[in-house]
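To start, the structure itself, in structure tokens.
What you see is a predicted model, and the numbers here were worked out from it, not measured in a lab.
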Amino acid sequence: MFGKKAPDVLVVGAGPVGLYSALVLARHKIPVTVVDKAWRPASRAYALALHGASLDLLEEVGLVGRVLEKARRVDTVGLYEGSDRKAEVRLTAGDRRAFVAVMSQDRLEGLLGEALEALGVPILWSHRISHMEEAGDRVHVAVDKLEKESMGYGVARFDWTIAKSYDWKVPFVLGADGYQSFVRRSLDIPFPEVGKAQHFAVFEFETDADLGPEMRLVLEAERTNVLWPLPGRRMRWSFELEEFSGDELSRQKDRLLVQVGGDEYPVLDPEHLYGFLKERAPWFKGAIDDIDWRLVVRFEKRLATSFGRGRTWLAGDAGHMTGPAGIQSMNVGLREGHDLAHAIANVLKGDAGMEKLTAYGEGRTEEWSRLLGLAGAVKPLPKVDPWIAARAGRLQGSLPATGATLRGLMEQLGLHVE
Ligand SMILES: Cc1cc2nc3c(=O)[nH]c(=O)nc-3n(C[C@H](O)[C@H](O)[C@H](O)COP(=O)(O)OP(=O)(O)OC[C@H]3O[C@@H](n4cnc5c(N)ncnc54)[C@H](O)[C@@H]3O)c2cc1C
């Protein structure tokens, strides 16, 4: 299979965006291969909710039924500070399927992977892109097949070595290779920081608290805290930290179980969790059991200065990064994968010209400039609650929606997005 025939589109990265893009391409009957340098899929929740618009995208590839079987539905967002419930946003106020479906990222990736397998699309784990260059109407790509090699005796230790390298000439590369994107760096596209990074202490646990089909945002003067109900009796709390010095943790998407011990980072001790709840969410009274995932994550705000050129284009975290509250990175990423895959398929079939891809890139820059607060403005309507008005910018990045749906949710709060 691999090495015999180059695909028409090489998708770099088997995260949610790469897998979804590959599915769209495969349904167009475009020969596509996915490569990922990791040795296996993600094993954790990471981004955990699908916006209504993403459910429509999943319906297009025949997966929405399977997603909804396993997901937990969220219909409202409760806004809090301290003990006060300040406002409520109804996600279902607008169009047809406007609720949010809570499902862990690894489950979503699993469903996408199975759908690709059913269509015979190769997903090559332990395959890393190590060189890329456009020449004429092809992109020349070097792919290294990585292999675990046992090192030393007595104590088992492994290192990754290159077992083989392949050179492929492909008509298009779709770079969905995450925030450290090799594809983006090969194109020399800068990825500047455009806002202040945030650190969150994240805890997932079992609880008897039942807050109904609601996600909660605790918006203090400076800090944002988020509570997501998970399928079953579980919940995820994310508390924004004013400062955190363990930056070396970075935001690496770890394919192993990530469990940073409380001894190493005291902020992750159960005592700190109880302290956060007492101070920031005194209304949360549930018993806490089985804290099975706790970590500190750094979320940067970055935007690529372009989303690609010629025959190489970016989608997902490869082009943008933002805060976690509204799960916008992954959900907008899925739409990017959708739009880019359709555009590439149409170009390959001769139904569209390369300008379709340029338009894709321009649209991405425009939308993300707004979402990251670099362009456009959020204006309080007359008589809006001053508490809401003071948090207008933060709300735009924290509600689980984008585009027209997000504008509708902001209007419910008396905020107009220009
Ligand atoms: C601990 C954690 C918690 C998170 N929580 C949230 C949250 O609460 N809300 C939220 O919105 N987002 C959250 N995120 C971010 C979310 O996971 C990302 O937005 C999402 O994964 C982006 O999907 P993607 O497909 O664009 O990229 P990724 O999922 O990062 O996938 C990129 C893939 O590319 C592969 N790759 C990289 N370089 C190469 C190469 N040279 N060759 C081959 N393959 C390569 C990587 O191995 C990776 O599998 C979290 C992330 C982490 C790590």
### Task
Tell me, with the steps shown, if Trp283 and Tyr80 meet ring-ring contact (aromatic ring centres under 6.0 Å, His included).
CA-CA 10 Å; Trp283 42 265; Tyr80 283 79; 4.5 Å; yes
Please determine whether the number of non-hydrogen atoms from other residues, nucleotides or ligands lying under 6.0 Å from atom [atom1] of [X] exceeds 12.
| X | atom1 | result |
| --- | --- | --- |
| Glu271 | CD | yes |
| Lys379 | NZ | no |
| Lys356 | NZ | no |
| Arg107 | CZ | no |

Carboxylate-amine/guanidinium proximity below 4.0 Å for [X] and [Y]:
| X | Y | result |
| --- | --- | --- |
| Glu214 | Arg216 | yes |
| Arg234 | Asp292 | yes |
| Glu300 | Arg298 | yes |

### Query
Any side-chain heavy atom of Thr322 sitting closer than 4.5 Å to one from Leu303?
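Result no, sub-4.5 Å side-chain heavy-atom pair not found.
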### Inter-residue atom distance Asp36.CG - Asp177.CG, 0.5 Å rounding
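The distance works out to 9.0 Å.
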### Task
Would you check, one step at a time, whether the test salt bridge (charged side-chain N to carboxylate O under 4.0 Å, His left out) holds for Glu279 with Arg223?
CA-CA 12 Å; Glu279 183 200 349; Arg223 298 176 305 208; 3.0 Å; yes
Without hydrogens or angle criteria, can the side chains of [X] and [Y] be said to hold a donor-acceptor pair below 3.5 Å?
| X | Y | answer |
| --- | --- | --- |
| Glu147 | Trp160 | no |
| His199 | Glu240 | no |
| Thr92 | Asp75 | no |

### Message
Phe239 and ring pair (Phe, Tyr, Trp, His ring centres under 6.0 Å): which single residue from Phe276, Phe284, Tyr274 fits?
### Response
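Looking at Phe276, Phe284, Tyr274, the match for Phe239 under the ring pair (Phe, Tyr, Trp, His ring centres under 6.0 Å) is Phe276.
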### Message
Pair Arg294, Glu204 - check salt bridge (charged side-chain N to carboxylate O under 4.0 Å, His left out), show working.
### Response
CA-CA 6 Å; Arg294 50 202 168 116; Glu204 280 189 17; over 6 Å; no
#### Entry: Candidate list Met410, Arg394, Glu418, test side-chain contact (heavy atoms from CB on, under 4.5 Å), partner Val378, passing option
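Testing each of Met410, Arg394, Glu418 against Val378, the sole residue satisfying side-chain contact (heavy atoms from CB on, under 4.5 Å) is Met410.
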